[in-house]
**Student:** 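Dropping a structure here in structure tokens format, bear with me for questions.
Counting convention: from 1, in listed order, for ligands and their atoms alike. Every heavy atom of this structure was used, including side-chain atoms; hydrogens, water molecules and symmetry mates were not.
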Amino acid sequence: MALLAEAKRISALFEFSDDDVRNAVVEFVTEMNEGLEKNGTTLSQIPTFVTGVPNGTEKGLYLAVDLGGTNFRVCSIQLHGDTTFTLTQSKVAIPKELMVAETAKELFAFLAKQVELFLKSHHEEHFEGRVERHQTPGTPTGYEEESIFRLGFTFSFPVHQTGINSGTLIRWTKGFDIQDAVGKDVCALLQEELDLLKLPVKVSALVNDTVGTLMARSYTAPGKTDTLLGAIFGTGTNGAYVETMSKIKKPLEGAYDSTTGQMVVNTEWGSFDNGLKVLPNTIYDQILDKESVNPGIQMFEKRISGMFLGEILRIVLDIMMGNSKNPFFTDKDSSSNDFGSTTVIDDNAPLKQQWAVDSSILSVAQSDNSVGLRTLRQFIEKDLGVQAPSLEDAQAVKDIAHAIAKRAARLAGVAVAGIILHTGRLDPKGGPEDIVDIGVDGSLVEFYPGFEDYMREAMRAVDGIGHAGEKRIRIGIAKDGSGVGAALIALVAAKLEATGITA
Ligand code: BGC
């Protein structure tokens with residue numbers, strides 16, 4: 001029992017009370033406003049030059065690529081104009097060495113190559129036909145404008161956006177680290193490599209995955225209510241929302257259509273409260289941060305997203321193992337070890353390696369409510385590399401994993417509540433809609449049982465939302481935001497070009 005008491009003590013360190021939530025929301029709204037005033041703030045509040053959300057009637061064929069985590073996706077999207085679409089896609093894992101390459105070229109040449117392979121295998125007839133009919137060597141790209149595929153580039157890192165299809169990289173996140181790319185225009189980097197392969201593709205739109213999620217949800221959402229927020233709770237975390245243009249006080253560098261009076265803003269909330277005024281900061285959070293590639297940055301993300309939750313758990317368990325007072329993964333304190341043998345952890349076990357524990361084990365721990373925790377114990381063997389864990393060991397893992405994930409979901413609730421309050425969308429004077437629509441995507445919100453419930457529980461504690469407000473918030477999964485969303489923004493970009501607002 002000593003072990004479970006210890007697990008309970010540690011779990012309590014991850015509690016984030018209703019008061020903590022309320023304080024954090026106030027700080028979140030303050031930092032949102034700061035970000036709208038000037039550059040260089042914790043919440044970057046990046047204007048995206050997207051000035052409207054779709055209504056489901058949009059049509060056309062577009063390409064989209066998505067760089068933002070462990071995989072690179074290339075897809076083509078046919079928008080049917082009746083809220084539906086058809087998507088063809090290919091996905092490839094990004095080689096680890098390219099995530100930390102010396103030069104940006106190494107990564108972007110690899111991306112362009114994947115676009116070439118995709119076009120050849122999925123659009124060959126169409127592609128070749130167009131090339132033959134329209135090849136016009138006199139033009140700079142070698143193709144007439146109309147024969148060019150428009151591509152939406154979902155690039156899910158903080159970018160200082162300078163137009164709908166241009167922006168310079170502010171910093172890498174999620175384990176990427178290619179210093180050569182920082183400060184460069186990522187659309188130009190991709191376009192250069194596509195041109196070297198002579199592909200008839202124009203990078204027409206630069207899209208954060210949260211903006212894509214917002215657009216995708218707006219295109220597919222039931223009813224007439226415009227979606228307010230697109231949020232990702234996956235490998236990383238972030239949100240983009242529809243802002244009133246007059247509230248964006250900092251100068252906008254690029255051209256845009258000002259008639260709607262609105263613009264989508266990418267908050268980059270992963271760096272909310274880097275100064276740790278209101279965020280929890282356990283010893284485990286401190287160790288994770290110190291050993292990360294970007295200490296002191298993305299402090300909110302490091303407490304919420306899938307890239308980090310498995311590592312927080314690993315750090316806690318590793319420290320617990322070193323505590324001789326509470327035998328853990330040693331088999332000595334186990335009353336029912338039905339795996340038979342003594343617990344063994346070899347030197348290469350994921351439990352011993354930084355970043356080696358996948359956050360999916362948190363979902364497994366939460367889902368397994370069987371008496372013997374059999375599934376969780378199998379995952380402890382496979383994912384942590386601990387052979388023959390006892391039931392009590394597994395229960396301790398389950399309790400701690402729950403505390404870490406619940407804190408993450410409550411923190412996620414802080415961000416969503418902050419945006420709802422800031423925009424006044426629940427206020428009847430702020431708009432006629434009865435509901436506030438939110439599109440979400442990402443493995444945590446999709447697969448962690450109860451993530452949304454914990455988020456909602458936190459939002460109910462917030463002044464200005466409460467029980468009544470929380471009921472009016474509709475949250476829907478927006479799958480394929482990075483595909484269909486990017487296509488929708490490429491379409492917006494094409495319209496801007498047609499009206500002569502951009503080139
Ligand atoms: C990035 C964001 C992105 C989020 C979700 C964060 O690490 O900074 O740009 O939207 O991950 O993918």
**Student:** If we only consider heavy atoms of Gly68, is any one of them less than 4.0 Å away from an atom in ligand 1?
**Tutor:**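 No, Gly68 has no heavy atom closer than 4.0 Å to ligand 1.
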
**Student:** Taking distance alone, with no angle check, do Asn208 and ligand 1 share an N/O pair under 3.5 Å?
**Tutor:** yes

**Student:** Would you mind listing which atoms of ligand 1 come within a distance below 4.0 Å of any non-hydrogen atom of Lys174?
**Tutor:** 3 (C), 4 (C), 5 (C), 6 (C), 7 (O), 11 (O), 12 (O)

**Student:** Any idea which protein heavy atom is nearest atom 6 (C) of ligand 1, and the distance to it?
**Tutor:**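 Nearest neighbour among protein heavy atoms for atom 6 (C) of ligand 1, to 0.1 Å: Glu301 OE2, 3.0 Å.
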
**Student:** Could you tell me which atoms of ligand 1, counted from 1 in the order shown, lie closer than 4.0 angstrom to a heavy atom of Thr173?
**Tutor:**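 So the atoms of ligand 1 that pass are 1 (C), 6 (C), 7 (O), 8 (O).
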
**Student:** Quick one: do Glu34 and Lys38 make a salt bridge, cutoff under 4.0 Å?
**Tutor:**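 A salt bridge is absent here (no side-chain N lies under 4.0 Å from a carboxylate O).
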
**Student:** So, using salt bridge (charged side-chain N to carboxylate O under 4.0 Å, His left out) as the criterion, who are the partners of Arg171 when residues are at least two apart?
**Tutor:** none

**Student:** Between Thr103 and Glu106, is the side chain to side chain donor-acceptor pair (under 3.5 Å) condition met? List the steps.
**Tutor:** CA-CA 6 Å; Thr103 62; Glu106 290 165 66; 2.8 Å; yes

**Student:** Kindly identify the option in Gly236, Ser156, Ala240 whose heavy atom sits closest to atom 1 (C) of ligand 1.
**Tutor:**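 The residue whose heavy atom sits nearest atom 1 (C) of ligand 1 is Ser156.
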
**Student:** Tell me, please, which residues at least two apart from Glu58 pass salt bridge (charged side-chain N to carboxylate O under 4.0 Å, His left out).
**Tutor:**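 So Glu58 forms no salt bridge (charged side-chain N to carboxylate O under 4.0 Å, His left out) with any residue.
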
**Student:** Which of the numbered atoms in ligand 1 are under 4.0 angstrom from any heavy atom belonging to Glu268?
**Tutor:**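 It comes down to these atoms of ligand 1: 1 (C), 2 (C), 8 (O), 9 (O).
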
**Student:** I'd like to know if Glu446 pairs up with Lys479 as an ion pair, taking the criterion as any Lys NZ or Arg NE/NH1/NH2 lying under 4.0 Å from an Asp or Glu carboxylate oxygen.
**Tutor:**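 Answer for the salt bridge query: yes.
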
**Student:** Taking the basic N atoms (NZ, or NE/NH1/NH2) and the acidic carboxylate oxygens, is any pair closer than 4.0 Å for Arg460 and Glu457?
**Tutor:** no

**Student:** Report, in ascending order of atom number, the atoms of ligand 1 lying under 4.0 Å from any heavy atom of Gln298.
**Tutor:** 7 (O), 8 (O)

**Student:** Quick one: which ligand 1 atoms are inside 4.0 Å of a heavy atom on Pro158?
**Tutor:**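 Matching atoms, with element in brackets: 8 (O), 9 (O).
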
**Student:** Could you grab the distance from atom OG1 of Thr154 to atom CG of Asp66, nearest 0.5 Å is fine?
**Tutor:** 5.0 Å

**Student:** Tell me the protein heavy atom at minimum distance from atom 5 (C) of ligand 1, and give that distance in Å.
**Tutor:**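 Scanning the protein heavy atoms, the shortest distance from atom 5 (C) of ligand 1 goes to Asp209 OD2, 3.3 Å.
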
